[in-house]
Undergrad: 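I am attaching a structure below and will ask some questions about it afterwards.
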Amino acid sequence: MARVSVDISRRGGDSTFGGAQSCPACKQLLSSEQLEANLRVCPECGNHFRVGARERVAQLVDSGTWGEIAGNLRSADPLEFFDLRPYPERIEEAEYETGLAEAMITGTCRIHKMDVVLAVMDFSFLGGSMGSVVGEKFWRAVETAIDTHFPLVAICASGGARMQEGILSLLQMAKTTCAVELLGGVPVPFVTVLTHPTTGGVMASFATLADVIIAEPGALLCFSGPRVIEQTIKEKLPDDFGRAESNLDHGQVDMIISRLELKDRLVQILGMLEGGVACALEPLWEEEESRPGRRGTLAQALDRIKAFANPSRRSS
Amino acid sequence: MARVSVDISRRGGDSTFGGAQSCPACKQLLSSEQLEANLRVCPECGNHFRVGARERVAQLVDSGTWGEIAGNLRSADPLEFFDLRPYPERIEEAEYETGLAEAMITGTCRIHKMDVVLAVMDFSFLGGSMGSVVGEKFWRAVETAIDTHFPLVAICASGGARMQEGILSLLQMAKTTCAVELLGGVPVPFVTVLTHPTTGGVMASFATLADVIIAEPGALLCFSGPRVIEQTIKEKLPDDFGRAESNLDHGQVDMIISRLELKDRLVQILGMLEGGVACALEPLWEEEESRPGRRGTLAQALDRIKAFANPSRRSS
Amino acid sequence: MRKRLTELRRLPTLPGVHLKDEIAKISHRLIELNRNRQLDRAVWDKVELARHPKRPYTLDYIHLMFPGFIELRGDRCFGDDPAIVGGLAAYMGRTIMVIGHQKGRDLGARTRRNFGMPRPEGYRKAQRLMNLADKFGIPVFTMIDTPGAYPGVAAEERGQAGAISRSLLCMARLNVPTVALVIGEGGSGGALALALADRVLMLENSIYSVISPESCAAILWKDAGEAHLAAQTLKLTSSNLIELGAVDGVLPEPRGGAHRDHEAAAEIVKDALEDSLRELEAIHPRVRRQERFQKFRRMGVWKENGMTLF
Amino acid sequence: MRKRLTELRRLPTLPGVHLKDEIAKISHRLIELNRNRQLDRAVWDKVELARHPKRPYTLDYIHLMFPGFIELRGDRCFGDDPAIVGGLAAYMGRTIMVIGHQKGRDLGARTRRNFGMPRPEGYRKAQRLMNLADKFGIPVFTMIDTPGAYPGVAAEERGQAGAISRSLLCMARLNVPTVALVIGEGGSGGALALALADRVLMLENSIYSVISPESCAAILWKDAGEAHLAAQTLKLTSSNLIELGAVDGVLPEPRGGAHRDHEAAAEIVKDALEDSLRELEAIHPRVRRQERFQKFRRMGVWKENGMTLF
Ligand SMILES: [Zn+2]
Ligand SMILES: [Zn+2]
């Protein structure tokens, strides 16, 4: 499970420091400002650097619309876990270094004026590992989505389960899955964006249970990380193992979307799914049982669909 | 589709003639009586010869319990199909040669005292091809199963759709599928036994939609027949292509059962599924909506389950 | 003469009597008599139109009919089959799930899309998308254009038959309205797998058949050269099929065929889809399902107690 | 001393000041102080018992508990994975669906069954069987005994992650009662995939963990030799887990461990299954599902507004 040790150095390294750095893919020297302005996508070669959770929110969300959910949750230390260092110390350090309280932040927001519940993971917080707080935050995000009927978007980045919470971290896979099932019963649209890297327990629970699964280019997406597999088969894996492109070929994700297009595309996809929900909630026949829904959103949904500025078109 | 031309000579040839014949697998000379007494399984090597529909009924059904359903259906000639010979003439000849009215017979019966609706196909009637009559007979068998709550067993043997009925034969795939969906809504258990050969439209409709799929040893089970594939890839296929054993390895069937055990096993499997149905129909909580069921069959089902004389056991 | 032939066939085979040549001769004359060369040509023209390399394909219709389309890929098991495309489309101010065979226009695309011959992954992707549509109350629109499911060893091993049967079951099960349109070649079970719909429509110059004329001729006439005759005999044109009750409607094509004017063809399809959905959405989902079952139940012609029933 | 370590770590890295050695030394002393060698050994004994090669496996329990068992195979997509077995079992006068990891007893069986490490096909078979059980109102009983899902390239390509997540979703969705029992090694997501149940039980000497002690030691202690310490730290024994609220019950084993007396162990499991099902079947399916959701919702420990919540 906990694949905190996934090798991410090849993909971009730590992107939160200031100053210039060279793109690991094309070696181009890039200033921090340049990178940030381009959503941390290399302007030369399109390599996607990692993005922190707060920065991701800033990239996606209409300014001033973010309302954090469950921001006051903090990890406890149920196992009194101590390896080379005590778990609380690791947490403290992660808080100090990332400015985050946990590996996931959740909130309501608007994206291109569309109401959305958003959950964003941050790999730099203990490898984006999923412990009790991540599980509970995801659950509350789902609850909010069910209450408001806002669609849920989860931006994933995780090395897997958080070993330091032992079995309780494993059980977050069950917990988040139950949440997805509840969400599907409404139904409220659920879309995940899998970013580099998403592996282990997150990949094997809510990340792959979405209605539509989007991957970022080049992202490593797998259950067992390359190192674990290399140890098993005693062979070096090819570079494209588990990458987004390979996942697309193998039918595991719906599409790969460049971060530069993500915001527009997300709204299109959610609008499409909403369009179905909205129309289905305006029945032409008499209802036999009352159904919790939100009448009157049809027009809103239709407006969104009509408003497609840049429809995606592919030819043969 | 219509794979009437599937090569079946390797597997046993025509087994309905009298006199001695040699087993195509082990070359042993076998008398007709010997073969019939052993359910047309070679006593030497276990090779399964083809069985006609009437003989299959005799093998499986408790004596005197067969009540045919829809025995008065006959093929029409909606397309006025004429190739080298008119379709009605082909039908007449098949009737004459097989003593059957169509490629499937259906009826209610008891198998080891268990009420069952049984549909049996006969490959010697125009290659077991599925035309309008086969589709309608299957539909009526399903209707009977829904009305009586008797489980449905279909013994399949078919080269595919009956070309001479054109599109109407293709649409029998849709028709039989709709029937399966209706049956599943009750639910009534549905088990298929795939015998040599089952291919084309039958394989791609009700044959593979059963709750439990049983295959006879060595049976060729596929969608496209070996000849069609050989023409496509310009290579000779291996002998085991599409055989029951390969289907089992590839996860397409639940089990392979020797014809000598089929009757006992069928009743065990049906009893197991019935046990679930029966128990599920005896709720411990109060029902909110009335549910069509058959109370009182619990004891009957339990008796069947308890009566397992030879439970199947496998060790590691 | 036909009677004579039947009698000849019934004669017990006696040693030394060689009836085979005689039978073959009479058969051949019968075929010739039976042949209507004019009809033959007319039908074969339709076959060629249905397969015309410039005919609009699924993605062309999607491009022309919908202001927005988001392709969804993969079966979540093994792969993504480019021989079937599908996704969410913006349609008349709402969402629709569009799924169809895609043959590919140029050689590269044709190879990649396997000439529109799906493997099991394609049918599993279709099922996934249909279930997604059902969850959100999104109607399903399928376009059919395939020579048939791909006949390959690996496709068989991964369960081609079960992939088709479960695609059929999935369509039988849907609570949302479903419309299927044969836009080109409706070949065998590989086509039907996407055509168990509330409304099954055909374009005027499309064909829909249990087997390709070529294979049929090879099997029944023992001569692939008789494909023209087989095509005529199989009754695979839109006018044949509407007469047989196998499809619910035929859409006229622009003069000369859909390949002459893609835009006009798309306009016709769009209107037909709108009409069909308006009709279907007025029906309660449960009733719509029942009507779907009853429609396919009625497919077939047989004799019962001496009467021919449709 | 722990504080001193933390402070040292917080010091900004100054050129010429080499704190790493200092930190490592203090860390090491802390590990030594923290280590409870007696507990260490007791926990490791459990790990070895849980992996004992003579311990009863899923098929042994099936053999001993049920008068009849019909194995059902295949995922209908790609293959049949012998690392997971499943089928219909006759149980207390009714039917039950039994599904479990199977490690294999001798070398041949171990190889064939991949040491109980499933590929995606195994989880897809499990889903198929659970859905079949749901259709017929048959309760589901799972037995968990795996080092984990198989880490292989092909398994990844065929969607190991999605196969596990959908197995979890399938179990979350079931309307029938579900009972899961960890009989040996409950390793990671590959174990959990079969353990999202109304009742999750453990045998006394089984273990259930987010990661194997060996891997955990290699990652966190940078030393696979610290597996004993990792095992103790991970709290993976049945008594740890019941204390953490991660499982609903622990079943005692025959004296010395289940491997000493398979029959007695099977008897214990049978009784526990009976009790669990009696309890669960008295609950309305909808309520049972809700309780299942609520149970897993409560899994986890966190601080909120300064209070620690369970
Ligand atoms: Zn670059
Ligand atoms: Zn023999």
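Source: prediction; values computed, not measured. Order of the sequence lines fixes the chain letters, A, B, ..., with proteins taken first and strands second; residue numbering starts at 1 for each chain.
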Undergrad: From D75(C) CG over to Q252(A) CD, what is the distance, rounded to the nearest 0.5 angstrom?
TA: 7.0 Å
Undergrad: Rounded to the nearest 0.5 Å, what separates atom CZ in F69(C) from atom CE in M272(A)?
TA: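 Here the rounded value is 8.5 Å.
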Undergrad: Residues of residues 123-132 of chain C under 4.5 Å from chain A (heavy atom pairs)?
TA: R128(C), L132(C)
Undergrad: Can you tell me how far the CG atom of L72(C) sits from the CD1 atom of I213(A), to the nearest 0.5 Å?
TA: 10.5 Å
Undergrad: Please find the pair of heavy atoms, one from L273(A) and one from F136(C), that lie closest to each other, and give the distance.
TA: CD2-CD1, 3.9 Å
Undergrad: Does some side-chain heavy atom of V186(A) sit less than 4.5 Å from a side-chain heavy atom of K135(C)?
TA: no
Undergrad: Supply the atom-to-atom distance I214(A) CD1 to I70(C) CD1, rounded to the nearest 0.5 angstrom.
TA: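 So the gap between those two atoms works out to 8.5 Å.
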Undergrad: Tell me, please, which residues at least two apart from L248(A) pass side-chain contact (heavy atoms from CB on, under 4.5 Å).
TA: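 With neighbours one apart ignored, the set is V253(A), I256(A), R73(C).
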